[in-house]
Amino acid sequence: MSAEIINLIDKLAADRSLSLDEWSAAVKGFSPDTAAYAAQIALEKRREIYGNSVYIRGLIEISNVCKNDCLYCGIRKSNKKCERYRLSKAEILACCKEGYALGFRTFVLQGGEDPYYTDEILCDIVHSIKASCADCAVTLGMGERGYESFKRLFYAGADRYLLRHETADETHYRKLHPENMSYKARMACLDALRDIGYQVGCGMMVGSPYQTAEHLARDLKFIETFSPDMCGIGPFIPHAQTPFRDFKAGGAELTCYLLSLVRIQKPNILLPATTALGTVDPDGREKGLLAGANVVMPNLSPDGVRGKYLLYDNKICTGDEAAQCVKCLAKRVEKTGFQIVQNRGDIKKSKEQN
Ligand code: 5AD
Ligand code: FES
């Protein structure tokens, strides 16, 4: 096993910081052995703060309408084969009600950048969810919006916002997105969300087209400096109706290694074992938990629309009912030795802050 990489991982555990060159060396030093070493430290760090607990989030995919055309994404506006849908307020509230009975205390409303969801409409939905279950957190993942819009949603009751940065390298960003989207706008959104007071999540795909080890190093450095509360890291998976159809999927093992490095850098971060990770590897989510992830997000979307929210091919859990999905995932979590807990699952303070 490379002594240099082991030293770097130890340094990360001690200092919680690496230079860009060191992050780069750490990424390039990925091997089954270094990954196992990082996972072991990540698990210790995770246990110190979260014990055995795994947090669950009820994911509700509220709309697959999107005005954007990200080159990797299956619901991009140019995909004419995508059958579009949008959930009504009543349908969303019904999902939350069912989710509440199943034990969820966080709901994640995720969707494309659908102009239908004006501030007025979305604030009303958020407000209604919070009014019907006061002990629940609401997380939004509705893409880029303006500062005032984020602010209105926050004051309507939204607690958290997920907006993956996708890549922390502007040149790489340009290769993944059309001309009319901008890296700076994305980063400005993340700053706005933080400024307003949200618990904020960023994140990136692993193995996205044209991605290099240096790009991943920049992602890790960005995560270190931005210090998000949550971070979504999953493999890129090609979708047949996108320009990236012929690129290969990102690896589960590299994804898990990066989860471990992020956990070591920021022991209290909320890290999901993503559906994409469970799609590239049937045991991917379990492997993610064993590498340092502490969140799972079962799908609560209504049966009729699950097969339509396809960001990538072969997505798992599109045929199951919510209750089945929850049971299956609970079993999978227990197999790893962890335990699903029924609470909002807010970020805990790190040891130094206690
Ligand atoms: N493969 C994996 N993840 C994807 N996402 C979008 N398209 C894909 C894909 N083809 C991710 C993006 C986005 C999140 C909601 O899903 O990172 O931010
Ligand atoms: Fe959905 Fe396993 S989590 S079927």
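Basis for what follows: all heavy atoms, side chains included, without hydrogens, waters or symmetry-related copies. Counting starts at 1 for both ligands and their atoms, following the listed order. This one's a predicted model, so the numbers in the text were calculated from it and none came from an experiment.
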Q. Rest of the hydrophobic cluster containing Leu20 (Ile/Leu/Val/Met/Phe/Trp/Tyr, side-chain heavy atoms under 4.5 Å)?
A. none
Q: Check which hydrophobic residues are tied to Phe247 through side-chain heavy-atom contacts below 4.5 Å, counting indirect links as well, and list them.
A: Leu71, Tyr72, Leu176, Met205, Tyr210, Phe236, Phe244
Q. How does the hydrophobic cluster around Val65 look, that is, which other residues are in it when side-chain heavy atoms under 4.5 Å mark a link?
A. none
Q | Ring centroid separation Tyr161 to Phe154 under 6.0 Å | A | no
Q. Does Arg46 make a cation-pi contact with Phe338, if we ask for NZ or CZ under 6.0 Å from the ring centre and within 45° of the axis?
A. yes
Q) Does Arg57 make a cation-pi contact with Phe107, if we ask for NZ or CZ under 6.0 Å from the ring centre and within 45° of the axis? A) no
Write 'none' if nothing qualifies; otherwise put on separate lines each N/O atom of ligand 1 with a protein N/O atom under 3.5 Å away and their distance to 0.1 Å.
residue: ligand 1; atom: 1 (N); partner: Ile237; partner atom: N; Å: 3.0
residue: ligand 1; atom: 1 (N); partner: Ile237; partner atom: O; Å: 3.3
residue: ligand 1; atom: 10 (N); partner: Tyr72; partner atom: O; Å: 3.0
residue: ligand 1; atom: 10 (N); partner: Ile237; partner atom: O; Å: 2.7
residue: ligand 1; atom: 10 (N); partner: Leu311; partner atom: O; Å: 3.3
residue: ligand 1; atom: 17 (O); partner: Arg164; partner atom: NH1; Å: 3.0
residue: ligand 1; atom: 17 (O); partner: Glu166; partner atom: OE1; Å: 2.7
residue: ligand 1; atom: 17 (O); partner: Glu166; partner atom: OE2; Å: 3.4
residue: ligand 1; atom: 18 (O); partner: Glu166; partner atom: OE2; Å: 2.5

